[in-house]
Amino acid sequence: MKLKVRKLIESDWSFLPSWWEAYDQAVPQRDFLPNNGLGGFMVCKEHDPIAAMFLYTTNSKTAIPAIVISDRDYKDNDRSDALQLLVDFTTDFAEDLGCKYSFAWAKPGVLLEKYKQTGFTVDKTPSYELIIQY
């Protein structure tokens, strides 16, 4: 079966929170996410969702692909391919929007490797994710 990428849709929110909960992560508020939680993409195999990624756009020529979450129970051998497809698709979409740059961050591990395979340059000095809620 072939992997496909589609835009996020409202009904995805019937299961997305459970994906974050399965990883013991806080579910982000929808208004923290682009387009109130619909500004991103889902990779699926047939009708089965595998992973989602959000795409922030800015008032510059820069896009920010961010916040990847996946179905922890998905164990097929194409999981790695699905994540790579999602990263590649999202960054290609940003370029199609007219962005000249994508800025991303990732913790060491699988996702960092996916960004590297897409062509991102990795700063050798670790940095931290910082968020403040007003």
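Heads up: numbering here begins at 1 and tracks the sequence. Fair warning: this is a prediction, and the values are worked out from it, not measured in the lab.
Minimum interatomic distance between Leu97 and Leu55 (heavy atoms only, all atoms of both residues): CD1-CD2, 4.3 Å. Considering every non-hydrogen atom in both Tyr115 and Pro65, the closest pair reads OH-O, 3.3 Å. Shown here for Trp13 and Gly37, the closest heavy-atom pair between the two residues is NE1-O, 2.9 Å. The two residues Met42 and Ala52 make their nearest non-hydrogen contact at CE-CB, 3.9 Å. The two atoms that bring Leu8 and Phe41 nearest to each other are CG-N, 3.7 Å, heavy atoms only.
Under the 4.5 Å side-chain heavy-atom criterion for ILVMFWY residues, a single connected hydrophobic cluster contains both Ile131 and Ile69. Residue Val87 is not grouped with residue Trp105 when hydrophobic side chains (ILVMFWY) are merged at heavy-atom distances under 4.5 angstrom, including chains of intermediate members. Under the 4.5 Å side-chain heavy-atom criterion for grouping Ile, Leu, Val, Met, Phe, Trp and Tyr, Val122 is not connected to Val110 through any hydrophobic cluster. Grouping the Ile, Leu, Val, Met, Phe, Trp and Tyr side chains by contacts below 4.5 angstrom, directly or via other members, places Leu86 with Leu111. One hydrophobic cluster holds both Phe32 and Leu16 under the rule that ILVMFWY side chains link at heavy-atom gaps under 4.5 Å.
Between Leu38 and Lys7, every side-chain heavy-atom pair lies at or beyond the 4.5 Å cut-off. Ser70 has its side chain within reach of Tyr23: a pair of non-hydrogen atoms, C-beta onward, lies under 4.5 Å apart. In this structure, the side chains of Leu85 and Lys4 stay at 4.5 Å or more apart for every pair of heavy atoms.
The CG atom of Leu3 sits 4.5 Å away from the CG atom of Asp78 when rounded to the nearest 0.5 Å. Here the straight-line distance linking atom CH2 of Trp19 with atom CD1 of Ile50 works out to 8.0 Å at 0.5 Å rounding. Rounding to the nearest 0.5 Å gives a distance of 13.0 Å between CZ of Phe103 and OH of Tyr56. For the atom pair Glu113 CD and Thr118 OG1, the distance stands at 11.0 Å (nearest 0.5 Å). Separating the CZ atom in Phe93 from the SG atom in Cys99 is a distance of 9.5 Å, to the nearest 0.5 Å.
Just one residue in the list Pro17, Ser11, Ser18 forms a side chain to side chain contact (heavy atoms under 4.5 Å, CB included) with Phe15, and that residue is Ser18.
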Task: Steps toward side chain to side chain contact (heavy atoms under 4.5 Å, CB included) verdict (Asp76, Asp48) - done: CA-CA 11 Å; Asp76 288 3; Asp48 297 327; over 6 Å; no
TODO: Under the side chain to side chain contact (heavy atoms under 4.5 Å, CB included) rule, what do Phe89 and Val43 come out as? Steps first, then yes or no, please.
DONE: CA-CA 9 Å; Phe89 182 93; Val43 64; over 6 Å; no
Task: Full working for side chain to side chain contact (heavy atoms under 4.5 Å, CB included) between Thr91 and Met53 - done: CA-CA 10 Å; Thr91 54; Met53 181 176 210; 6.0 Å; no
Task: Step-by-step side chain to side chain contact (heavy atoms under 4.5 Å, CB included) determination, Val5 to Thr90 - done: CA-CA 9 Å; Val5 178; Thr90 304; 6.0 Å; no
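Looking at residues two or more places apart in sequence or on another chain, you find no ring pair (Phe, Tyr, Trp, His ring centres under 6.0 Å) involving Phe54. With sequence neighbours excluded, no residue forms a salt bridge (charged side-chain N to carboxylate O under 4.0 Å, His left out) with Glu21.
Atom CD of Gln29 has 12 or fewer neighbouring heavy atoms from other residues, nucleotides or ligands inside a 6.0 Å radius. Heavy atoms from other residues, nucleotides or ligands lying under 6.0 Å from CD of Glu95 number 12 at most.
Under 4.0 Å is where a charged nitrogen must lie from a carboxylate oxygen, and between Asp12 and Arg6 at least one such pair does.
Between the side chain of Thr58 and the main chain of Ser60, a donor-acceptor pair closer than 3.5 Å is present.
Judged by distance alone, the side chains of Lys114 and Ser80 do bring a donor and an acceptor atom under 3.5 Å apart.
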